[in-house]
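Working notes, beginning with the structure itself.
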Number of protein chains: 2
Amino acid sequence: MFEECLYFNSNALARAVTKIWTDAYKVYDLSPPHAFLLRLVLAKPGLLPRELAAELSLSRSTITRFLDSLEKRELLTRKPAGTDGRELQVFPTEQAQAIHQQLDATGAELTHQMRALVGTDDLTSMVADIRKVQMMLDDS
Amino acid sequence: MFEECLYFNSNALARAVTKIWTDAYKVYDLSPPHAFLLRLVLAKPGLLPRELAAELSLSRSTITRFLDSLEKRELLTRKPAGTDGRELQVFPTEQAQAIHQQLDATGAELTHQMRALVGTDDLTSMVADIRKVQMMLDDS
DNA sequence: GTCATATAGTTGTATGTGCAACTATGTGGC
DNA sequence: GCCACATAGTTGCACATACAACTATATGAC
């Protein structure tokens with residue numbers, strides 16, 4: 001009965017998608033958000049937590065906890081950033097670098113799967129639309 | 001860096017949308033999922049928890065807890081269903097019926113807002129696409 | 001130089017959600 | 001009629017996530 005509702009459908013989609021991604025990243029013993037955070041740190045070493053939060057559209061406090069758990073597992077480290085004594089920079093460890101390729105490959109494989117299921121063009125344009133609306137809402 | 005990723009964008013959208021819906025239903029002191037569950041019970045009195053779960057794409061255990069809290073607030077009641085001793089039927093109370101119209105109107109207002117922001121046709125087709133993919137994933 | 005204010009990160013707490021295991025009830029084979 | 005199995009609902013637990021409040025540091029006004 002909520003077929004046309006953006007709230008209802010965007011949440012249902014997110015849950016369904018999360019289930020699939022959770023499964024795929026289970027081999028690394030990482031949840032999807034942990035895996036994505038780590039991938040981001042691997043791609044852009046030295047970012048600050050606040051920047052990681054912005055790139056992932058997550059709150060700073062959520063990032064703090066994910067960093068805690070990844071640091072405890074020795075997949076990354078936090079180091080005081082040069083000038084500003086409040087800031088920390090986040091770097092991947094060698095252990096993380098060792099699985100860098102595979103983490104990204106898993107992401108690519110999932111995208112591949114989704115394209116096969118939905119159709120490449122349909123998926124691309126849907127994701128673009130989703131992104132556009134999400135950014136509109138974040139601005140407003 | 002995850003611009004094209006379905007997982008990343010669908011979750012980011014869901015969080016952004018949820019924020020807006022949360023705000024709108026705060027006047028009733030209901031979270032969006034509680035409000036939607038109650039709206040469903042109002043629209044189709046007598047459904048079983050398992051049916052509510054299916055219609056809302058939520059797990060039975062999540063529905064149990066939402067029903068607990070709505071029942072405690074005297075917005076609905078659970079009654080043993082006729083034939084099968086395991087089943088319960090869920091009915092709205094008069095207190096819930098008193099705000100039925102307003103709950104639905106709030107939903108309509110939110111859809112209206114989204115249409116104004118995104119464009120009616122774009123929103124409709126995006127929601128349809130989201131729905132289609134979500135159902136594909138649930139089947140697979 | 002001090003004080004008000006802003007910002008980075010963290011922590012306490014609350015909520016939504018699912019999975020796995022549980023209890024209670026039904027059903028079909030024999 | 002009993003037993004294996006299925007199903008409805010619940011509960012224990014774990015996790016993702018946010019908001020508000022906190023600490024520590026920076027910055028600008030004077």
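Keep in mind it's a predicted model, so treat the numbers as computed, not measured. Just the heavy atoms: all of them, side chains too, but no hydrogens, waters or symmetry mates, feed the values below. In what follows, chains are A, B, ... by sequence order, proteins preceding strands, each numbered from 1.
Between the side chain of B:R60 and the base of D:dG9, at least one donor-acceptor pair of N or O atoms lies under 3.5 Å. Between the side chain of B:R65 and the base of C:dG18, at least one donor-acceptor pair of N or O atoms lies under 3.5 Å. For A:S59 against D:dC19, a side-chain-to-base donor-acceptor contact under 3.5 Å is absent. Scanning atom types as modelled, no donor and acceptor separated by under 3.5 angstrom connect the side chain of B:R15 and the base of C:dG16.
Separating the CZ atom of A:R50 from the C1' atom of D:dA18 is a distance of 19 Å, rounded to the nearest angstrom. Separating the CG atom of B:L56 from the C1' atom of C:dG18 is a distance of 15 Å, rounded to the nearest angstrom. Atoms NZ (B:K26) and P (C:dA14) sit 15 Å apart, rounded to a whole Å. Nucleotide C:dT10 holds its P atom 14 Å from the CZ atom of A:F66, rounded to whole Å. Following rounding to the nearest Å, B:L52 (CG) and D:dT10 (P) show an atom-to-atom distance of 11 Å. Distance B:K19 NZ to D:dA18 P: 6 Å, rounded to the nearest Å. Rounded to whole angstrom, the span from the CG atom of A:D29 across to the P atom of D:dC15 amounts to 10 Å. The separation between B:L37 atom CG and D:dG9 atom P is 13 Å, rounded to whole Å.
Residues A:P49 and A:L88 share a closest heavy-atom pair of CD-O, 3.2 Å. Nearest heavy-atom pair, B:R39 versus B:G107, reported as atom, atom and distance to 0.1 Å: NH1-CA, 3.9 Å. Taking every heavy atom of both residues into account, A:L37 and A:I63 meet most closely at CD1-CD1, 4.4 Å.
OP1 or OP2 of D:dA16 sits under 4.0 Å from a side-chain N or O of A:H34. Remark: B:S31 is in phosphate contact with C:dG16, judged by side-chain N or O atoms under 4.0 Å from OP1 or OP2. Listed pair A:T62 / D:dA18 meets the phosphate criterion, a side-chain N or O lying under 4.0 Å from OP1 or OP2.
Comparing B:T83 and A:P49 along DNA chain C, the residue whose closest nucleotide (by nearest heavy atom) sits nearer the 5' end is A:P49. Comparing A:R86 and A:R78, the nucleotide of DNA chain C nearest to each residue sits closer to the 5' end for A:R86. Remark on DNA chain D: of its neighbouring residues B:D68 and B:E87, the 5'-side contact belongs to B:E87, judged by nearest-heavy-atom nucleotide.
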- Intermediate values then yes/no, salt bridge (charged side-chain N to carboxylate O under 4.0 Å, His left out), B:E4 and A:R131: CA-CA 9 Å; B:E4 300 182 10; A:R131 183 170 188 74; over 6 Å; no
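In this structure, A:L48 reaches the sugar-phosphate backbone alone: every heavy-atom distance under 4.0 Å involves primed, P, OP1 or OP2 atoms, never a base. Looking at heavy-atom distances under 4.0 Å, B:L88 makes contact with sugar-phosphate atoms alone, never a base.
Taking the six-membered ring for Trp and the full ring otherwise, A:F2 and A:Y7 have centroids separated by 6.0 Å or more.
Among the nucleotides D:dT25, C:dG16, D:dA18, the one closest to any side-chain atom of A:S61 is D:dA18.
Side-chain atoms of B:N9 come within 3.5 Å of backbone atoms of B:E3 as a donor-acceptor pair (strictly under, hydrogens ignored).
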